[in-house]
Amino acid sequence: MAQLWGGRFTKETDQLVYNFNASISFDQKFYRQDIRGSIAHVTMLAKQGILTDSERDQIIAGLQGILKDVEDGTLEISSKYEDIHSFVEANLIDRIGDVGKKLHTGRSRNDQVALDMKLYTRDEILEIDKLVKTLLETLLKIMEENLDTYMPGFTHLQKAQPITLAHHMGAYFEMFKRDRSRLNDIYKRMNTCPLGSGALAGTTYPLDREYTAELMEFDGPTFNSMDSVSDRDYVIELLSAMSTIMMHLSRFSEEIIIWNTNEYRFVEIDDAYSTGSSIMPQKKNPDIAELVRGKTGRVYGALMSMLTTMKGIPLAYNKDMQEDKELTFDAIDTTKGCLALFTGMIATMKFNNAVMESSAKNGFTNATDAADYLVNHGVPFRDAHGIVGQLVLYCIEKNISLDEMSLEEYQKISDVFQDDIYEAISMETCVKKRVTIGAPGQDAMKKVIAASKEYLSKN
Ligand code: ARG
């Protein structure tokens, strides 16, 4: 047991208490951020005349040595320290002697951990954003290749109107684009530096907080020291943004699972992204999509835990807040893993275009267009709706699609129909005529694809 605060204690900490209290097993994850913060802190202390230049140089060299040794595996982060902050400080003192004891001048672990957590999540926001961007690029490629791949669009999971695969993928493109914009917002809002807030009430040293903020590429220092050490809003916001990403991935996974069934056969997941059964030789299961759907619960759970942990905490720092780390680390790793695997899965997935097109035709997705045909020939919409209803019933009885009816059969139900009805209800026409921006028509989709390309080139 190695503690920074033994001075006022006469007894050793109970071993169970020590284990319960310690955070080194998980906060070792931010040893880089901790060292970076310490380097910025001593650089500032020297600039302010609180440390000499020589003290600064010794401390920085010592910290850099620790970083290098941890990176190359020569120095193991030992669980005999309470947390990563104690580990770094104790190692520094071992290396450079008493001058290392000056590192913590004008600083508390409260502002230190607040800084480390911000630096860590800030880096991870960029990593998550990169993964979402790769997913968007993959989606855009599928969109460009499938402007004419017809498929049914659904409402209530019932076939509704014809769309294209490009249009369907485009819906997810928009969702994940919003996810990126949420990440970007969080980054901007959180990007202020808590270092220099001390335990809760600042310090009596003439720290230059603007300077440390600048050294670590923050927009500036935070404005209230009590808030700074106890603010975890950005963690909650990030967990919320990741929950939304996971919700989108989960919806998408659900569709892929359905599309991959024998009943649908819209897609075939690549062998590299499927798994088999230990007993049923014929099986090829969409486990990756199912796991992504399943792991969504973990990320939601982290969000609920964090909200609940924070809800009763009086100002300023309280140890409850140590609970932010494990769940945030897990949620970040889960979200990143899911994004990477999901992108790989859809990039290699085969779309069965012919099956999708015939599914659209056989599900009367062109019924609205048949009614519009009648309206264009002067029939009031409500009557047209009724006539097409009769056509559908007739087709269901004969087990055919609308385009398989003969003209005589059409005219028996309404003599308004002429032989241009076939063109009017073809998948090509149904889609092509949907020209408003946001609709599946190729002209509209091409504009959206061009705008999406431009977005990706700029963001
Ligand atoms: N391990 C602590 C945490 O994660 C570091 C801050 C400790 N501060 C304190 N006053 N005990 O929150």
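Just follow the structure's listing: the first ligand is 1, and inside any ligand the first atom is 1. Reckoned from all heavy atoms, side chains included, excluding hydrogens, waters and symmetry mates.
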Review point. Does NZ or CZ of Lys159 fall inside the cone over Phe364's six-membered ring, less than 6.0 Å from its centre and within 45° of the axis?
Key: no
Revision key, fill the gap. Under 4.0 Å from one or more heavy atoms of Ser23, ligand 1 contributes atoms 1 (N)
Review point. Would Lys47 count as a cation-pi partner of Tyr211, with NZ or CZ less than 6.0 Å from the six-membered ring centre and within 45° of the ring normal?
Key: yes
Check your understanding: Could Arg122 and Phe218 be counted as a cation-pi pair, given that NZ or CZ must be under 6.0 Å from the ring centre and within 45° of the axis?
Key -> yes
Point to revise | Nearest protein heavy atom with distance in Å, relative to atom 10 (N) of ligand 1 | key: Asn110 OD1, 3.0 Å
Review point. Which residue supplies the protein heavy atom nearest to atom 6 (C) of ligand 1, what is that atom called, and how far is it?
Key: Tyr317 OH, 3.5 Å
Exercise for review: Mark the output for Lys325 as yes if a heavy-atom distance to ligand 1 is under 4.0 Å, and as no if none is.
Suggested key: yes
Exercise for review: Please report the closest heavy-atom contact between Leu45 and Leu103, naming both atoms and the distance.
Suggested key: CD1-O, 4.3 Å
**Study point:** Closest protein heavy atom to atom 2 (C) of ligand 1, given as residue, atom name and distance to 0.1 Å
**Key:** Gln322 OE1, 3.3 Å
Check your understanding: Does Lys325 NZ have over 12 foreign heavy atoms under 6.0 Å away?
Key -> yes
